[in-house]
Engineer: 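One structure, pasted below without further comment.
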Amino acid sequence: MQQLPVLKLQEIADELAASGQRVKVLWQEPGSLAFVARGREYRSEFHINDSDEVTYMIRGTMNLHYRTPEGKEEIAVIPEGSTNWMPPGVPHSPRFPPDAFALIVERQRHAGEVDKFHWYCQSCGNFLHEETFVVSDYRVDPVSKAYARFFEDEDARTCKKCGTVMPNALAQAKKTT
Ligand SMILES: [Fe+2]
């Protein structure tokens with residue numbers, strides 16, 4: 001049997017802060033996938049996946065935006081040292097700054113399972129765009145690739161209802177970090 005991992009969350013947070021990396025995967029097993037994430041200042045999309053999700057705030061506070069089945073946006077505030085459980089299938093948008101750190105526990109995706117990102121217009125709330133991606137290995141950072149595809153596509157960021165263009169927040173974040 002392999003040695004059981006015992007990992008120090010504060011040290012991992014320090015390591016991420018020093019390296020500038022956004023995510024460190026702790027383990028990836030069929031029933032449990034865990035990683036420590038730094039906040040992404042440009043997050044505005046909602047993530048939809050079929051896994052339960054547990055969040056524990058190691059450092060800083062998370063505003064966990066989520067959408068009800070009626071399409072209403074709500075916010076669960078998760079302060080440092082607090083934890084939250086998110087049922088599968090809830091569109092959610094974890095918003096926390098780059099100097100805040102969260103432990104996220106999900107499970108490995110089943111074969112053929114597809115994760116989705118949905119963006120909404122910040123002016124009128126109209127649905128903007130969907131990106132889909134397969135999380136076969138979290139270490140290749142499929143999430144960052146989905147952001148890049150959206151933000152590099154101005155048409156995807158343009159509201160078809162009111163014409164508002166969502167700014168390329170990824171490019172702005174690169175300038176300041
Ligand atoms: Fe709009």
Side-chain angles (χ1 to χ4, degrees), residues 2 4-5 7 9 12-13 16 21-98 100-122 125-151 156 166 169-170:
Q2 70 186 66
L4 298 180
L7 303 162
L9 295 173
I12 293 166
L16 280 176
Q21 296 290 108
R22 298 283 181 173
V23 172
K24 173 158 173 119
V25 175
L26 307 185
W27 59 80
Q28 295 195 79
E29 300 297 331
S32 177
L33 158 61
F35 57 93
V36 173
R38 282 171 63 213
R40 299 179 193 250
E41 57 280 55
Y42 45 83
R43 269 200 99 151
S44 58
E45 83 297 340
F46 287 81
H47 182 204
I48 300 149
N49 62 297
D50 291 330
S51 166
D52 289 56
E53 196 163 311
V54 171
T55 299
Y56 168 76
M57 285 312 290
I58 302 165
R59 208 176 285 171
T61 296
M62 177 188 287
N63 287 334
L64 182 59
H65 292 237
Y66 62 98
R67 296 176 73 90
T68 67
E70 297 74 37
K72 192 166 171 260
E73 189 170 326
E74 305 275 5
I75 304 173
V77 178
I78 312 172
E80 184 169 306
S82 304
T83 190
N84 162 267
W85 167 71
M86 170 75 60
V90 175
H92 59 281
S93 183
R95 300 184 194 173
F96 56 119
F101 299 84
L103 169 68
I104 311 288
V105 183
E106 311 175 345
R107 60 154 171 75
Q108 263 188 349
R109 303 303 189 260
H110 301 147
E113 216 174 327
V114 173
D115 284 40
K116 294 175 189 163
F117 274 162
H118 284 179
W119 281 267
Y120 291 84
C121 175
Q122 288 169 329
N126 189 45
F127 176 75
L128 263 189
H129 184 71
E130 175 180 276
E131 280 290 335
T132 58
F133 53 100
V134 174
V135 184
S136 51
D137 183 349
Y138 239 99
R139 289 167 298 192
V140 302
D141 203 357
V143 167
S144 288
K145 289 178 182 159
Y147 288 130
R149 285 196 300 273
F150 170 69
F151 283 115
M166 185 183 280
L170 196 55

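Note that the structure is a prediction, hence the values are computed from the model and not measured.
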Engineer: Which atom names give the shortest non-hydrogen contact between Tyr120 and Gly125, and what distance separates them?
Structural biologist: CD2-O, 3.5 Å
Engineer: Does the side chain of Leu7 reach to within under 4.5 Å of the side chain of Trp27, using non-hydrogen atoms?
Structural biologist: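 The answer is yes, as the side chains (C-beta and beyond) meet within the 4.5 Å cut-off.
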Engineer: Over all heavy atoms of both residues, which pair between Ser44 and Gln122 is shortest? Give the atoms and the distance, please.
Structural biologist: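 That closest heavy-atom pairing would be CB-NE2, 3.7 Å.
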Engineer: When you measure from the centre of the six-membered ring of Tyr147, is the NZ or CZ of Arg40 closer than 6.0 Å and no more than 45° off the axis?
Structural biologist: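 No, cation not above the ring by the 6.0 Å, 45° rule.
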Engineer: Hey, could you give me the CD/CZ distance between Glu45 and Phe151, rounded to the nearest 0.5 Å?
Structural biologist: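 So the gap between those two atoms works out to 7.0 Å.
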Engineer: If I compare all heavy atoms of Pro88 with all of Asp52, which pair ends up nearest, and what's the gap?
Structural biologist: CG-OD1, 3.4 Å
Engineer: Write out all pairs satisfying side chain to side chain donor-acceptor pair (under 3.5 Å) with one or both partners inside residues 69-81, taking only residues at least two apart or from two chains.
Structural biologist: His65-Glu73, Thr68-Glu70, Lys72-Glu74
Engineer: Parallel, tilted or perpendicular for Phe133 and His47, by the 30°/60° rule?
Structural biologist: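 Parallel: the ring planes of Phe133 and His47 meet at under 30°.
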Engineer: Got a second to check how far Ser93's OG is from His118's NE2, nearest 0.5 Å?
Structural biologist: 12.5 Å
Engineer: How many angstroms lie between atom CD of Glu29 and atom CZ of Arg107, to the nearest 0.5 angstrom?
Structural biologist: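 Taking CD in Glu29 and CZ in Arg107, the distance rounds to 14.0 Å.
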Engineer: Give, for atom CZ of Phe127 and atom CH2 of Trp119, the distance between the pair rounded to the nearest 0.5 Å.
Structural biologist: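 The CZ atom of Phe127 sits 9.5 Å away from the CH2 atom of Trp119.
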Engineer: Looking only at heavy atoms, what is the nearest atom pair of Ala76 and Tyr66, with distance?
Structural biologist: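 Heavy-atom minimum between the residues: N-CE2, 3.9 Å.
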Engineer: Taking all non-hydrogen atoms of both residues, which atom of Gly60 and which atom of Met57 are closest, and how far apart?
Structural biologist: O-CE, 3.5 Å
Engineer: Under 4.5 Å between any side-chain heavy atoms of Arg22 and Pro98, yes or no?
Structural biologist: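 Yes - at least one pair of side-chain heavy atoms lies under 4.5 Å apart.
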Engineer: Excluding sequence neighbours, so at least two apart, what forms salt bridge (charged side-chain N to carboxylate O under 4.0 Å, His left out) with Arg109?
Structural biologist: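 Salt bridge (charged side-chain N to carboxylate O under 4.0 Å, His left out) check on Arg109 returns Glu106, Asp115.
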Engineer: Measuring from Ile78:CD1 to Met86:CE, what's the distance to the nearest 0.5 Å?
Structural biologist: 7.0 Å
Engineer: For the side chain of Arg95 and the backbone of Asn63, is there at least one donor-acceptor N/O pair under 3.5 Å apart?
Structural biologist: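 The answer is no, because no donor-acceptor pair under 3.5 Å joins these two groups.
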Engineer: With distance as the sole test, does Thr55 use its side chain to make a donor-acceptor pair with the main-chain N or O of Asn84 at under 3.5 Å?
Structural biologist: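 Not at all, since once roles are kept as given, no pair shorter than 3.5 Å links the two residues.
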Engineer: Apply the test side chain to side chain contact (heavy atoms under 4.5 Å, CB included) to residues Leu103 and Leu26: give CA-CA distance (whole Å), side-chain angles for both, the deciding distance (0.1 Å), then the verdict.
Structural biologist: CA-CA 9 Å; Leu103 169 68; Leu26 307 185; 3.7 Å; yes
Engineer: Nearest 0.5 angstrom please: Ile12 CD1 to Gln21 CD, how far?
Structural biologist: 14.0 Å
Engineer: Can you give me the closest heavy-atom contact between Val105 and Ser32, atom names plus distance?
Structural biologist: CG1-OG, 3.9 Å
Engineer: Hey, is Glu41 close enough to Arg43 for a salt bridge, meaning N to O under 4.0 Å?
Structural biologist: no
